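Notes follow the structure.
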Amino acid sequence: MPRKPVLIDLETAPSPAEAPPVPDALPAPGAMRGVAVAAGARGTVLGRLARWVFGAFASFVLSVALWDFVTGLLATNTVLGSVALGLTAAAVLMLSLLAWRELAAYSRLARLDHLRIRVEKAAAAPLREAQAAASAVEALYAARPDLAWARARVKDRREGVLDADAWLSLTEAGLMGPLDQAARREIEGAARQVATVTALVPLALADVAMALFANLRMVRRLAEIYGGRSGAFGGWRLLRRVFSHLVATGALALTDDLIGSVAGGGIVSRLSRRFGEGVVNGALTARVGVAAMEVCRPMPFVALPRPKVSNLVSRALTGVFDRADAKES
């Protein structure tokens with residue numbers, strides 16, 4: 001019987017060119033996400049009521065125990081009782097001063113909000129209201145010697161100006177310009193610190209703690225630059241307001257074009273994933289700083305441009321990851 005060729009059907013293997021591209025996923029900003037959750041979390045009504053009840057109960061128990069301790073010590077030993085009474089009075093006085101400082105910080109932050117709303121309304125109002133709003137902004141910085149030259153320059157340039165928008169624009173350009181520069185430096189320093197710690201410290205939750213600390217300090221410094229002072233509780237409340245502003249405006253997400261401008265087109269892929277997370281966390285810290293500027297600034301951004309996050313991060317990370325890239329190569 002003659003031999004015939006045997007045909008075996010083989011399944012055609014897919015071509016490598018037909019394979020889907022590998023997604024170039026950005027590192028997840030875990031540290032800044034944890035900061036946003038920690039700062040923006042709001043308790044329920046039952047939780048706030050429970051905290052108030054337990055706080056009042058603890059304060060009552062502590063007050064009664066302290067009273068019994070001082071009166072009992074006075075009954076047994078007059079000298080030691082007098083010392084305890086003096087220390088108690090000093091502690092109560094210190095708590096009162098701290099509470100007064102917190103109230104003053106709240107009032108100064110509220111003053112910034114009131115001025116910003118007043119300036120926004122005065123832009124479409126007659127010239128008299130614009131002049132009054134600008135005078136209120138000047139009064140906020142009247143005691144600051146670093147802005148004396150800026151105030152004098154604004155007064156000189158206002159001669160002959162009869163338009164409300166131009167009046168407010170001159171005030172913003174003259175007074176807010178130096179403050180914006182100082183705020184940019186604070187934002188760049190915080191972004192550099194968060195990015196460096198995230199990239200170099202491999203400890204669990206260390207990047208979250210560092211990001212929370214750096215963002216809280218940055219927000220407090222920005223409030224001081226623009227004329228507000230935030231205490232311990234006021235700084236935390238201000239940070240929550242900033243994150244609420246970010247969530248409301250949808251500015252907490254990180255876009256691909258921002259990472260492309262920050263990373264220089266390939267630094268994230270050449271370095272380790274930890275360095276990529278540092279770039280992402282630094283960029284989100286810069287976004288928090290820009291939002292804090294909008295919240296703390298007594299005048300909205302009209303005459304002066306709003307800072308761009310890509311420019312802030314590029315300046316903040318210049319030299320940090322370049323040196324690391326040189327070591328890798």
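When a residue number appears, it is its place in the shown sequence, counting from 1. When reading the values below, keep in mind they use all heavy atoms of this one structure, side chains included, and skip hydrogens, waters and symmetry mates. Bear in mind the structure is a predicted one, so any value in this text is a computation, not a measurement.
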**OP:** With rounding to the nearest 0.5 Å, note down the distance linking CZ in Arg151 to OG1 in Thr171.
**Re:** 12.5 Å
Original post:
So how far is it from Leu97 CG to Met94 CE, rounded to the nearest 0.5 Å?
Top reply: 6.0 Å
Subject >> Leu112 CG to Ile117 CD1 distance, which is reported to the nearest 0.5 Å >> reply: 11.0 Å
Original post:
Say you draw a straight line from OG of Ser314 to NZ of Lys308; how long is it, rounded to the nearest 0.5 Å?
Top reply: 11.0 Å
**OP:** Check Tyr226 against Met293 and note the closest heavy-atom contact, atom names and distance.
**Re:** OH-CE, 3.2 Å
Original post:
Could you give the distance from CD (Glu172) to CG (Leu179), rounded to the nearest 0.5 Å?
Top reply: 11.0 Å
Original post:
Can you name the closest pair of heavy atoms from Ala292 and Val219 and give their distance?
Top reply: CB-CG2, 4.1 Å
Subject >> Contacts of Gln131 that satisfy side-chain hydrogen bond (donor to acceptor under 3.5 Å, both in side chains) - sequence neighbours left out >> reply: none
Original post:
Between the side chain of Arg287 and the main-chain N/O of Val309, is any donor-acceptor distance below 3.5 Å?
Top reply: no
Original post:
Please, which pairs that meet salt bridge (Lys or Arg N to Asp or Glu O under 4.0 Å) have at least one residue in residues 125-136, sequence neighbours excluded?
Top reply: none
Subject >> Separation between CG of Leu98 and CG of Leu103, rounded to the nearest 0.5 Å >> reply: 11.0 Å
**OP:** Using a strict cut-off of less than 4.0 Å between a Lys/Arg side-chain nitrogen and an Asp/Glu carboxylate oxygen, indicate whether Arg153 and Asp156 qualify as a salt bridge.
**Re:** no
**OP:** Just jot down the side-chain hydrogen bond (donor to acceptor under 3.5 Å, both in side chains) partners of Arg118, sequence neighbours excluded, or say none.
**Re:** none
Original post:
When you look at CZ of Arg315, are more than 12 heavy atoms from neighbouring residues, nucleotides or ligands closer to it than 6.0 Å?
Top reply: no
